[in-house]
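Chain naming here is simple, since letters A, B, ... match the order of the sequence lines and numbering starts at 1 in each. Just the heavy atoms: all of them, side chains too, but no hydrogens, waters or symmetry mates, feed the values below.
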Amino acid sequence: MKEKLGKEFFNRDIKIVAEELIGKLLVRNQFNGKIEKYRITDIEMYIGEEDLACHASKGRTARTEVMYADGGMVYVYLIYGMYWLLNIVTGCKGKPQAILIRGVVNIDGPGRVGRKLKLDKSFYGEDLTSSQRIWLEDDGFECTFARHPRINIDYAGDIWKNKLYRFVMIE
DNA sequence: GCAGTGATACAA
DNA sequence: TGTATCACTGCG
């Protein structure tokens, strides 16, 4: 049984959503009727303005605005001029939180995921609970995960760098 | 080990 | 206006 994840899934604290997001299916309707599904294996949490690794630590800007919305929105941005990274906004309105999708089955790396899904700036603010081209499903798959420090955030300082905010599925 | 690539944030 | 920086990848 497959169920599309709705607002009630995303509108919870990021730590709960993140734990349950591992093993869920990321679904992409690439073009007419061609639907692809990818199981999420690797994610990172970015939590609030006080998290120096989180883009919202710079406050509310055009780029971070969507993180302040309620859960279930897509936050995408271009990094290094080449890669669109996919993030999922969680929590309630006014609390900036987002989960970066670092990897899915057979696609290891956030930039590769974005390329495979053919993301672009038009996905900024897309609502995963009503979109016809990208959404999430629960197919009942169960798994466990390990916690690690986040990748490539040296600029955030030791306290935030060492937080175990990366969850990786154990095969 | 490091080049490539362009939006963004912030200084001036 | 200019410019430093960046939730990365794919070459060597």
Side-chain angles (χ1 to χ4, degrees), chain A residues 5 10 12-28 30 36 38-91 94-128 131 134-136 145-170:
Chain A
L5 300 180
F10 301 103
R12 297 178 294 167
D13 187 78
I14 189 168
K15 294 187 184 184
I16 298 169
V17 179
E19 290 187 3
E20 296 186 14
L21 199 60
I22 299 280
K24 292 291 186 288
L25 293 173
L26 175 60
V27 186
R28 176 77 167 98
Q30 295 258 37
E36 298 175 342
Y38 307 92
R39 193 174 305 283
I40 296 169
T41 59
D42 191 344
I43 61 177
E44 282 178 4
M45 301 187 290
Y46 290 86
I47 315 179
E49 294 180 343
E50 66 277 8
D51 176 2
L52 294 180
C54 181
H55 290 159
S57 65
K58 310 217 177 226
R60 202 186 269 247
T61 67
R63 182 208 212 184
T64 62
E65 185 60 33
V66 74
M67 294 180 84
Y68 290 81
D70 59 356
M73 312 296 278
V74 171
Y75 168 39
V76 290
Y77 67 95
L78 187 68
I79 189 71
Y80 300 110
M82 285 181 240
Y83 306 104
W84 289 97
L85 301 206
L86 173 62
N87 297 254
I88 295 170
V89 176
T90 65
K95 299 266 289 179
Q97 314 183 324
I99 300 172
L100 168 68
I101 308 299
R102 288 200 68 84
V104 297
V105 170
N106 294 329
I107 307 172
D108 183 23
R112 292 176 189 163
V113 170
R115 185 200 299 163
K116 185 73 181 178
L117 296 180
K118 294 191 168 69
L119 299 182
D120 58 54
K121 67 173 183 252
S122 76
F123 282 82
Y124 184 90
E126 188 90 351
D127 187 341
L128 290 165
S131 174
I134 187 168
W135 65 91
L136 287 150
F145 62 90
R147 296 163 198 265
H148 302 272
R150 292 173 290 182
I151 305 290
N152 278 344
I153 52 158
D154 286 353
Y155 60 88
D158 289 342
I159 292 172
W160 295 101
K161 197 168 72 178
N162 295 330
K163 296 251 185 214
L164 302 178
Y165 282 177
R166 180 182 179 208
F167 296 171
V168 181
M169 190 164 99
I170 298 169

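Across all strands shown, A:Arg150 has no heavy atoms under 4.0 Å from either base or sugar-phosphate atoms. Across all strands, A:Gly111 comes closer than 4.0 Å only to sugar-phosphate atoms, never to a base (heavy-atom distances). Counting non-hydrogen atoms under 4.0 angstrom, A:Ala62 reaches nothing in the nucleic acid.
In terms of modelled atom types and a separation under 3.5 Å, the side chain of A:Arg150 and the main chain of A:Trp160 share a donor-acceptor contact.
Checking C:dA7, C:dT9, B:dA7 against the side-chain heavy atoms of A:Leu78 singles out B:dA7 as nearest. For A:Ile153, the listed nucleotide lying nearest its side chain is C:dA7; candidates were B:dG4, C:dA7, B:dA9. Among the nucleotides C:dA7, B:dA9, C:dC6, the one closest to the side chain of A:Tyr80 is C:dC6. Closest to the side chain of A:Asn87, out of C:dA7, B:dA7, B:dG4, is C:dA7.
Look at A:Asn152 and you'll find a side-chain N or O under 4.0 angstrom from OP1 or OP2 of C:dC8. Side-chain N/O atoms of A:Arg115 include none lying less than 4.0 angstrom from OP1 or OP2 on C:dC8. Look at A:Arg112 and you'll find a side-chain N or O under 4.0 angstrom from OP1 or OP2 of C:dG10. The phosphate of C:dA7 has OP1 or OP2 within less than 4.0 Å of a side-chain N or O from A:Tyr155.
Between A:Glu44 and A:Lys163 no salt bridge is recorded (no basic side-chain N to carboxylate O distance below 4.0 Å).
Glycosidic conformation, B:dA7: anti, with the torsion outside 90° of 0.
Across the strands present, C:dA7 finds no partner; the criterion is a Watson-Crick or G-U wobble pair with both atom distances under 3.5 angstrom.
Stacking between A:Tyr46 and C:dA7 is shown: the ring centroid lies under 5.5 Å from the centre of the six-membered base ring, and the planes differ by under 30°.
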Applying salt bridge (charged side-chain N to carboxylate O under 4.0 Å, His left out) to A:Glu20 and A:Arg12, what does each step give before you reach the verdict? CA-CA 11 Å; A:Glu20 296 186 14; A:Arg12 297 178 294 167; 2.9 Å; yes
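The environment of CD1 in A:Ile159 is sparse: at most 12 heavy-atom neighbours from other residues, nucleotides or ligands sit within 6.0 Å.
Donor-acceptor pairing under 3.5 Å is recorded for the side chains of A:Tyr68 and A:Glu49.
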